[in-house]
2 protein chains.
Amino acid sequence: MNLKQLADHLKLSPTTVSRALNGYPEVSEKTRNRVLAAAEANHYHPSHHATRLAKGKAHVIAHVVPLSVHTMINPHFSDFIAGAGLTYAKAGYDMILRVVMESEEEAVYRSFAKDGRVDGVIVHGPRVGDTRIALLQDLGLPFVVHGRTMADDADYSWLDVNNFRAFERATNFLLDLGHQKIALVNGFEDMVFAARRRDGYLKALKDAGIPIDPEIMFSSEMVEPQGYQALKKVLKQAKAPTAILLSSILPALGAVRAIHEAGLVPGKDVSLVVFDDQLSFLQNSGDIPMFTSLRSSIHDAGTRVAEMLLSKINQPDSGFCHELWEAEFVLGSSTARPPQA
Amino acid sequence: MNLKQLADHLKLSPTTVSRALNGYPEVSEKTRNRVLAAAEANHYHPSHHATRLAKGKAHVIAHVVPLSVHTMINPHFSDFIAGAGLTYAKAGYDMILRVVMESEEEAVYRSFAKDGRVDGVIVHGPRVGDTRIALLQDLGLPFVVHGRTMADDADYSWLDVNNFRAFERATNFLLDLGHQKIALVNGFEDMVFAARRRDGYLKALKDAGIPIDPEIMFSSEMVEPQGYQALKKVLKQAKAPTAILLSSILPALGAVRAIHEAGLVPGKDVSLVVFDDQLSFLQNSGDIPMFTSLRSSIHDAGTRVAEMLLSKINQPDSGFCHELWEAEFVLGSSTARPPQA
DNA sequence: TTGTATGCGTTATCAT
DNA sequence: ATGATAACGCATACAA
């Protein structure tokens with residue numbers, strides 16, 4: 001059943017039926033009710049593509065996820081997408097998830113910009129020297145970035161966590177406790193967020209006059225085995241670190257496993273500070289949380305980024321929007337003074 | 001630049017240009033090359049909605065995820081979606097992720113069925129007494145179920161893991177080792193997969209003549225704290241279980257944490273068998289994996305379910321397709337004979 | 001308040 | 001091998 005058939009059935013013109021359905025004021029209450037009832041009774045749903053073609057708006061947001069070396073569809077991503085997805089749904093937007101090989105990514109953006117199937121996109125996980133932002137600016141496709149580049153971040157909209165400050169702060173906290181040897185278990189440092197975290201860590205060490213030791217700095221995918229393997233290595237070093245800074249709860253769990261296997265106690269023999277994205281399935285909460293952490297909800301970030309994009313789409317001339325969130329410091333039971341101090 | 005403009009530019013009719021672009025055989029090679037070159041040069045991309053309207057096919061698959069009591073967007077889901085998404089992309093399909101409140105779920109399916117915006121849907125996590133399957137059959141919208149109902153599973157397509165057998169087998173393995181008291185840390189048992197797992201566990205206990213103890217059976221969301229809390233409870237019981245059967249690696253990590261805190265050693269004082277979805281960020285691998293497990297890749301399931309749906313859409317009369325995957329038993333280092341045996 | 005005519009950008013049908 | 005014309009199903013400017 002399409003609009004014309006419904007109109008014929010009601011002995012009205014398609015125009016009037018369309019107006020009644022879309023809430024135009026000029027149609028009489030009587031007619032509107034007749035139309036609404038008939039639409040309901042006949043399970044009428046307007047054709048999506050016809051509507052979009054006529055209106056010129058897609059009501060769709062795309063998230064393009066490059067399925068590259070380090071898989072982007074990970075638990076961090078799923079919590080982010082849950083927040084964003086709910087926001088879209090509430091606003092009547094659909095969310096397209098487009099998994100692409102890295103080589104096709106540019107072509108996908110180009111077609112999105114031209115074929116009108118989406119109104120905007122979210123850019124995930126900007127890398128150092130990322131070319132996507134310039135491309136999207138060039139294409140004129142509305143976008144918001146979760147994260148930002150290393151510089152030149154004024155001429156596009158983004159939401160980011162102050163990763164530099166969070167890790168500088170975490171390092172200082174450990175230094176204040178008396179730790180002199182602090183390891184870093186970081187994500188891939190070609191990702192901007194990870195690079196900034198490293199820089200915050202290095203800055204704090206430098207300010208404290210502590211030499212950098214590449215042997216206790218790790219950078220790879222933030223998964224459980226990462227933390228396990230890093231601690232296996234580090235714990236057998238002659239002068240092992242007494243504290244570890246980790247980029248996610250996932251490697252932190254692996255770290256705890258390795259520490260236990262070595263017959264040591266986390267939060268006593270080895271201190272751990274973790275960046276906590278508040279992943280819904282790994283709640284680090286309770287009165288005294290398991291981990292001392294810097295906390296910022298990636299779910300909330302997804303919600304907010306989605307809101308930013310929607311308002312950008314509905315008010316194209318509203319200028320750029322920047323939000324830098326400070327992570328919250330939370331004292332847990334994974335930190336103490338170093339053993340010998 | 002649209003088709004007409006491109007045609008004018010080339011001094012050809014839109015028809016010919018369309019044919020050249022879509023690979024119809026009747027257009028001359030010379031013309032085709034001219035058209036292709038001009039399209040490239042002018043960054044021409046056909047309007048998505050116009051194409052879909054004219055063709056009557058959406059080239060879109062939807063995954064409807066009810067954001068209900070137990071959040072469906074979890075790490076299991078994200079690995080599933082990664083597999084499915086890549087399959088769609090390869091086949092030139094888009095994937096819509098629609099997050100819905102449970103109350104609107106039916107309305108969403110109804111509109112999808114009528115408005116032509118999607119060609120088919122994937123049904124996630126069927127519950128006991130799930131009404132979605134009957135609804136979709138009624139609506140005539142192509143679908144494939146990941147999982148299946150408790151009965152009547154002949155008249156729709158599904159892919160499932162043999163959860164009953166996996167848990168029966170795991171229980172028998174522990175019984176054979178000499179364990180008499182085996183706890184179960186399960187997902188929500190209103191989900192069919194969890195109900196089947198429980199039934200497999202109960203069957204094995206019954207066959208061995210071991211009484212059921214509700215005090216050591218847990219059913220809730222499969223997250224890290226679930227395993228932690230369950231083991232906290234269980235370990236302080238007078239006659240504590242010597243083995244635990246867990247529905248996911250996530251609670252297993254929590255279980256390990258609780259065991260360590262109690263000063264015990266997993267795989268020695270307490271044995272653990274885990275259902276391992278092979279979550280990409282928690283690899284339970286290596287020569288001797290951390291956990292003894294029943295293994296079945298949820299990523300591969302996503303891939304296969306997507307393939308099934310696509311072939312169903314392209315051959316609507318091909319009948320129903322059923323795949324029951326057996327989980328692979330993998331011996332790890334988390335199991336041993338019970339301490340006193 | 002309702003209807004007519006036209007456009008949205010393609011593909012499909014039928015000529016030539 | 002190419003073109004004119006009619007769908008596809010809706011929205012909207014303009015008329016009545």
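Owing to the predicted nature of the structure, the values given are computational and were not obtained by experimental measurement. The sequence lines fix the lettering, A, B, ..., with proteins before strands; numbering per chain opens at 1.
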Practice problem: Remember a base hit wins even if backbone is also touched, and classify Thr15(A) as base, sugar-phosphate or nothing at under 4.0 Å, heavy atoms. | Solution: base

Quiz prompt | Candidate nucleotides dA1(D), dT11(C), dG9(C), ranked by approach to the side chain of Ser18(B) - the nearest | solution = dT11(C)

Practice problem: Let me know, please, whether Tyr44(A) or Val27(B) comes out on the 5' side of the other along DNA chain D by nearest nucleotide. | Solution: Val27(B)

Exercise. May I have the distance from Leu53(B) (atom CG) to dG7(C) (atom P), rounded to whole angstrom?
Key: 17 Å

Quiz item: For the pair made of CG in Leu6(B) and P in dT10(C), what is the distance, rounded to whole Å?
Solution: 9 Å

Self-check item: For atom CG of Asn33(A) and atom C1' of dT1(C), their distance in whole Å
Solution: 15 Å

Practice problem: Would you classify Leu3(A) as touching base, sugar-phosphate or nothing, given that sugar-phosphate means primed atoms plus P, OP1 and OP2, and contacts are heavy atoms under 4.0 Å? | Solution: sugar-phosphate

Exercise. For the pair Arg148(A) and Asp160(A), find out whether any cationic side-chain nitrogen is under 4.0 Å from an anionic carboxylate oxygen.
Key: yes

Practice problem: Would you kindly check whether a donor in the side chain of Thr31(A) faces an acceptor in the base of dT1(C), or vice versa, at under 3.5 angstrom? | Solution: no

Quiz item: What about Arg52(B): does its side chain form a donor-acceptor pair under 3.5 Å with the base of dG9(C)?
Solution: no

Quiz item: Hey, which of Val64(A), Val123(A), Leu135(A) is the one that makes side chain to side chain contact (heavy atoms under 4.5 Å, CB included) with Phe143(A)?
Solution: Val123(A)

Quiz prompt | Whole angstrom value for the distance that separates C1' of dG3(D) from CD of Glu26(B) | solution = 12 Å

Quiz prompt | Phosphate-side-chain proximity, Ser47(A) and dC10(D), N/O vs OP1/OP2 below 4.0 Å | solution = no

Quiz item: Is the ring centre of Tyr44(A) less than 6.0 Å from the ring centre of His9(A)?
Solution: no

Quiz prompt | Candidates dG3(C), dA4(D), dC10(D) - which lies nearest the side chain of Ser13(B) | solution = dA4(D)

Quiz item: More than 12 foreign heavy atoms under 6.0 Å from CE of Met101(A): is that the case here?
Solution: no

Quiz prompt | Interatomic distance where NE2 belongs to His59(A) and P belongs to dC10(D) [whole Å] | solution = 17 Å

Quiz item: Under 4.0 Å: is that the gap between some side-chain N or O of Thr51(A) and OP1 or OP2 of dC10(D)?
Solution: no

Quiz prompt | Atom-to-atom span, CD of Glu29(B) to P of dT2(D) - whole angstrom | solution = 11 Å

Quiz item: In whole angstrom, what separates Lys55(B)'s NZ from dG9(C)'s C1'?
Solution: 13 Å

Self-check item: Pro46(A) side chain, from C-beta outward: closest of dC10(D), dT10(C), dC14(C)
Solution: dC10(D)

Quiz item: Under a 4.0 Å N-O cut-off, is there an ion pair linking Asp8(A) with Lys4(A)?
Solution: yes

Practice problem: Take atom CZ of Arg19(A) and atom C1' of dC14(D), then tell me their distance rounded to the nearest Å. | Solution: 10 Å

Quiz item: Looking at dC10(D), dT11(C), dT1(C), which one has an atom nearest to any side-chain atom of Ala54(A)?
Solution: dC10(D)

Quiz item: Under 6.0 Å between the ring centres of Phe80(B) and His299(B)?
Solution: no

Exercise. Among the candidates dA1(D), dT11(C), dA11(D), find the nucleotide nearest to the side-chain atoms of Asn22(A).
Key: dA11(D)

Quiz prompt | Distance below 4.0 Å between Tyr24(A) side-chain N/O and dT2(C) OP1 or OP2 | solution = no

